[in-house]
Amino acid sequence: MNNNQLTKPFWFANVWNFFPEFTVEDLEINYLRWSAYRQSFAKMLQPVQLDQMLDASCLEMLPTNLPGIVISFHYGPYRLIPRYLLAAGYKISVLASPSIIQKEQKETEHLLQFNNLEADCLHYIDASRSTVLKNVVSDLNEKRLILVYLDADEGVNRLAARGTRSLLKVSVAASRLYFRASIAQLAFRFRIPLSFLLMEKNENNGLWNLALSKRLSCNRAEQLDGFMKRFKRKLNTTINRIVMKEWTAWENWPLIHIYQPELSETKVVQKNRPTWIMPIWLGQRAFFFDVKNWKYFELKTDDLLKG
């Protein structure tokens, strides 16, 4: 299926799941806001030169002694985050899927060359490989900063298939999200400090600034359960901060169902009782998408001609 064709239906279905009080008009207005944000964030990346792309006052707020793992999300102009870290003098390893690595590799090489930075200042760790945790530890030993976008879908479907015990559940608005627990477990095992780093909108001037959480480190003699509870509290605070604040700036709304394993479970829906239907055309095939119940109904050509 063409993902572009499904962006709006999935966006509507996922947002409605979190905000069931929204009317169709509310959804339409906020979808336009979400789309406008995506366009404006893309424009922020156009100047290749870092000193033209980044806000100097924002860069000054970034410490030079960040811990080993930095966690972020696809929120706001999140693609500026590795650029700020590069400008601050860090060497970065970004955990990403093979498709993202392939998509961004040439752009990254161009960015580094244009700004006279060494080729190893930013590289990627393939999250699909069985050696991913070993690669993370190896890069940490080389004093590199590991950047993880926790709302990326690498491994979420695989973990969800095993059950939700490998995932952390966060309740937000009228629904819930699940995130991989492996990064926090790795941090506990090797006593690696963590921080959450976001691009957050300043309500006074409308500019996007860096927002850095307090460092989360393992306490002496702390057990895994205690550390994971503290990590989950910080994760819960961060996610609710995103969703309950400038929520249309979160890019992943069309993908939220990936973080809700229960959506893959079979639902009992009364026959011939769809709640809200949206038409979808995929190539030469026509479908009705039941937004509320996540059901597809293909319309055959003969049926359309009869109508």
Side-chain angles (χ1 to χ4, degrees), residues 45 48 50 53-54 59 62-156 158-159 168 179-199 210-213 215-218 227 231 234-235 238 251-252:
L45 300 171
V48 181
L50 290 177
M53 182 192 305
L54 307 178
L59 181 60
L62 190 63
T64 57
N65 61 341
L66 280 176
I69 297 178
V70 171
I71 294 175
S72 192
F73 300 87
H74 293 83
Y75 175 71
Y78 65 89
R79 294 186 68 193
L80 290 178
I81 290 177
R83 289 158 172 79
Y84 271 110
L85 293 172
L86 286 171
Y90 291 99
K91 287 190 175 184
I92 319 163
S93 298
V94 182
L95 193 66
S97 66
S99 60
I100 292 297
I101 295 173
Q102 184 179 10
K103 179 181 177 181
E104 297 189 356
Q105 193 72 56
K106 288 185 178 179
E107 180 183 333
T108 299
E109 292 174 0
H110 179 55
L111 174 71
L112 296 176
Q113 291 173 1
F114 194 88
N115 289 278
N116 297 316
L117 295 171
E118 296 179 6
D120 71 336
C121 282
L122 191 159
H123 73 226
Y124 296 91
I125 297 176
D126 188 339
S128 68
R129 293 186 177 179
S130 59
T131 58
V132 59
L133 297 183
K134 180 180 178 181
N135 297 147
V136 168
V137 173
S138 175
D139 281 16
L140 286 168
N141 289 335
E142 295 176 6
K143 307 302 181 184
R144 302 182 66 87
L145 197 65
I146 307 297
L147 177 59
V148 180
Y149 291 101
L150 203 62
D151 56 346
D153 64 354
E154 290 86 28
V156 172
R158 184 175 65 254
L159 290 172
L168 294 174
F179 296 94
R180 292 164 295 160
S182 56
I183 287 296
Q185 292 165 347
L186 177 73
F188 173 82
R189 179 181 175 186
F190 292 97
R191 296 299 191 262
I192 304 166
L194 296 165
S195 288
F196 286 81
L197 181 62
L198 298 176
M199 296 295 299
L210 289 168
L212 179 67
S213 72
R215 183 179 303 186
L216 180 66
S217 301
C218 299
F227 178 78
F231 178 82
K234 194 170 284 289
L235 173 62
T238 304
E251 182 179 284
N252 279 20

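None of these values were measured; they are calculated from a predicted model.
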If I compare all heavy atoms of Cys121 with all of Leu112, which pair ends up nearest, and what's the gap?
CB-CD2, 4.1 Å

Report, as yes or no, whether the 6.0 Å neighbourhood of atom CZ on Arg129 holds more than 12 heavy atoms from other residues, nucleotides or ligands.
no

Asn135 side chain vs Ser130 backbone, donor-acceptor pair below 3.5 Å
no

Using a 3.5 Å distance criterion without hydrogens, assess whether the side chain of Ser72 forms a donor-acceptor pair with backbone atoms of Leu197.
yes

Closest contact, heavy atoms only, Asp120 versus Lys91
OD2-NZ, 3.2 Å

Testing Leu212, Val70, Ile71 for side-chain contact (heavy atoms from CB on, under 4.5 Å) with Phe196, which one passes?
Ile71

Here's a test for you: under side-chain contact (heavy atoms from CB on, under 4.5 Å), which of Ile125, Ile192, Ile92, Val94 qualifies with Ile146?
Ile125

Minimum side-chain heavy-atom gap Ile183-Leu95 below 4.5 Å:
yes

Student check: side-chain heavy atoms of Asn115 and Met53 closer than 4.5 Å
no

To the nearest 0.5 Å, how far apart are OG in Ser182 and CZ in Arg189?
12.0 Å

Hey, does Phe114 have a side-chain heavy atom less than 4.5 Å from the side chain of Leu50?
no

Could you check whether any side-chain N or O of Arg191 sits under 3.5 Å from a backbone N or O of Phe188, counting only pairs where one atom can act as donor and the other as acceptor?
yes

About how many Å separate OG1 of Thr108 and CD of Gln113, when rounded to the nearest 0.5 Å?
11.0 Å

Determine whether a donor-acceptor pair (N or O, by modelled atom type, separation under 3.5 Å) exists between the side chain of Tyr90 and the backbone of Asn65.
yes

Glu142 CD: over 12 foreign heavy atoms closer than 6.0 Å
yes

Could you report the tightest heavy-atom contact between Ser217 and Pro193, atom names first, then the distance?
OG-CB, 3.5 Å

Please name the pair of heavy atoms, one in Phe179 and one in Leu150, separated by the smallest distance, quoted to 0.1 Å.
CD2-O, 3.5 Å

Determine whether a donor-acceptor pair (N or O, by modelled atom type, separation under 3.5 Å) exists between the side chain of Asp139 and the backbone of Ser93.
no

Nearest-0.5 Å distance that lies between atom CD in Glu104 and atom CG in Leu111:
10.5 Å

Before giving the answer on side chain to side chain contact (heavy atoms under 4.5 Å, CB included), spell out for Leu122 and Leu117 the whole-Å C-alpha distance, their side-chain angles and the decisive distance to 0.1 Å.
CA-CA 9 Å; Leu122 191 159; Leu117 295 171; over 6 Å; no

Give the intermediate values and the outcome of side chain to side chain contact (heavy atoms under 4.5 Å, CB included) for residues Leu194 and Phe227.
CA-CA 11 Å; Leu194 296 165; Phe227 178 78; 4.0 Å; yes

Using atom types as modelled and distance alone, determine if a side-chain donor or acceptor of Thr238 lies under 3.5 Å from a backbone N or O of Lys234.
yes

Does the Tyr78 side chain pair with the main chain of Tyr149, one donor and one acceptor, at a distance under 3.5 Å?
no

In Å and rounded to the nearest 0.5 Å, what is the CZ to CG distance from Phe231 to Leu168?
6.5 Å

Carboxylate-amine/guanidinium contact Glu107 Arg79, below 4.0 Å
yes

When you look at CD of Glu109, are more than 12 heavy atoms from neighbouring residues, nucleotides or ligands closer to it than 6.0 Å?
yes

Would you say that Val132 contacts Asp126 through its side chain, given a criterion of any heavy-atom pair below 4.5 Å between the two side chains?
no

For Leu210, which of Leu59, Leu54, Leu62 qualifies under side-chain contact (heavy atoms from CB on, under 4.5 Å)?
Leu62

